[in-house]
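Residue numbers begin at 1 in each chain, while the letters A, B, ... track the order of the sequences.
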2 protein chains.
Amino acid sequence: MIRVLLADDEHLIRGAMAALLALEDDLTVSAQAATGAETLSMARALHPDVAIIDLQLPDMDGVRVAEVLHRELPTCRTMIVTSHGLPGHLRRALAAGVRGFLPKTAAAEVLATVIRTVAAGGRYVDPQLAAEAISAGDSPLTTRETDVLTLAATGAPIDEIARRASLSPGTVRNYLSAAAGKLGAANRHEAARRAREQGWI
Amino acid sequence: MIRVLLADDEHLIRGAMAALLALEDDLTVSAQAATGAETLSMARALHPDVAIIDLQLPDMDGVRVAEVLHRELPTCRTMIVTSHGLPGHLRRALAAGVRGFLPKTAAAEVLATVIRTVAAGGRYVDPQLAAEAISAGDSPLTTRETDVLTLAATGAPIDEIARRASLSPGTVRNYLSAAAGKLGAANRHEAARRAREQGWI
DNA sequence: GGCCGTTTATGACAGATGTCACCGATGCGT
DNA sequence: ACGCATCGGTGACATCTGTCATAAACGGCC
């Protein structure tokens, strides 16, 4: 029997997925969590075979949860389920030791199959998403460019970005100009949008 | 027996919700759709009692689907399920004749209850969301201000917005300035973000 | 040691943007 | 008929933003 931990902040979806998995004889949902912290404490207590983690959790990123899980409980395989299948997320997830990556647009039937694959030590990545991730390539932005662009994404004026990043306004403008150039955007706002679409910020 | 049509572009979620509803004796999922067009044609063919429609569908807005359904098949009650429970969406949905509005964060147990309530001619709105919608009030933006701000939300420069809206650049700036003023934003990008958070664009 | 990329910064310039005053046209309610 | 909000526009001004040249400090790599 494969023991599964389900982590998703959307109760309705979590409950529905639990109902879906209950139909399988060899799977059992032994715990459900709504936040990253909850996921970690439950996993530590129950040692599930597979943790299915939503990418968007209220307190922390699903990939970071997987990272900690991978370090603390190497026997617990992790997989990510997400609404927004962005190339950058997949890259980060694989780097964090995630064994399965499934967009919520995937067919309902594959979920159980992937859980079994992952539990057996295999890997599974949605084929279409994998293709996109490969063709999209890696983020061309440096660490600081990413930081600054992330702050810029809220729509804040340069002075505020500078204050929040503890940089001079001039430096902020330089980074944003560089980022916009790399992303082929006419201004920082379009740059932020493009970076978001790729999952780079 | 209440016959339900499930519309959600996320296959996995749709299947999971179907599994959840299959546990109820008095409910049956008689059709599933992934797009707005599919939803309409299936509803026309099968005349379900309740249509559960996701707000985000690839081809058209869930509320617009509900609107058409309400006009063409008055006997089919509609309810909206959504990941992002924004006040503005709730307002639009209720204006379109939607009888139930449920964020996906709602408890899994309430779904069946709400379906029964709606099927019986009642209404149900998530209490927390209702409170937010009331406190947030209506959009202060005029039609054109909303149009222009929507175009501005992509991060495009003013000239492009002007071209796409068939307006002079000066007029666009006036509208955006007015919108930013009304929303208490320092610039159009922050204004766009705030309007999005309220579900106004 | 020298080269290269990254981080941080400054100064200068052109162009984009936000703001305001003001204008006319349209349409709606009373 | 009048007022009022909305729509569309122009012009002027100050400020914000994007771009570029330039440079010092730091770390990694050959």
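Residue L167(A) is in sugar-phosphate contact alone, with no base atom involved, counting any heavy-atom pair closer than 4.0 Å across all strands shown. Using a 4.0 Å heavy-atom distance criterion, R144(A) is classed as a sugar-phosphate-only contact. Here N174(A) lies in heavy-atom contact (under 4.0 Å) with a base.
Side-chain contact between W200(A) and P140(A) is present, with heavy atoms from C-beta onward closer than 4.5 Å. Using a 4.5 Å heavy-atom threshold, the side chains of D159(B) and I161(B) count as separate. For the pair L55(B)/H89(B), a side-chain contact is recorded, criterion being any heavy-atom separation below 4.5 Å from C-beta on.
Taking 4.0 angstrom as the limit, S168(B) places a side-chain polar atom (N or O) nearer than this to OP1 or OP2 of dT10(D). Look at R173(A) and you won't find any side-chain N or O under 4.0 angstrom from OP1 or OP2 of dT19(D). Residue T142(B) places at least one side-chain N or O closer than 4.0 Å to OP1 or OP2 of dC7(D). Using a 4.0 Å cut-off, no side-chain N or O of S177(B) falls inside it from OP1 or OP2 of dT17(C). Side-chain nitrogen and oxygen atoms of T171(B) include none within less than 4.0 Å of the OP1 or OP2 phosphate oxygen of dG8(D).
The distance between atom CZ of R163(A) and atom P of dC16(D), rounded to the nearest whole Å, is 12 Å. Protein atom CD1 of I161(B) is 13 Å distant from nucleotide atom C1' of dG18(C), rounded to whole Å. As a whole-Å value, the separation of D147(B) CG from dG8(D) P is 9 Å. Taking atom NE2 of H189(B) as the reference point, atom C1' of dC16(D) lies 11 Å away to the nearest angstrom.
Under the side chain to side chain contact (heavy atoms under 4.5 Å, CB included) rule, I52(B) has a single partner from V118(B), L102(B), V81(B), which is V81(B).
If E145(B) and G170(B) are placed on DNA chain D by their nearest nucleotide, the residue sitting closer to the 5' end is E145(B). Mapping P140(B) and A185(A) onto DNA chain D by nearest heavy atom places P140(B) closer to the 5' end of the strand.
Within 6.0 Å of CD on Q128(B) lie no more than 12 heavy atoms contributed by other residues, nucleotides or ligands.
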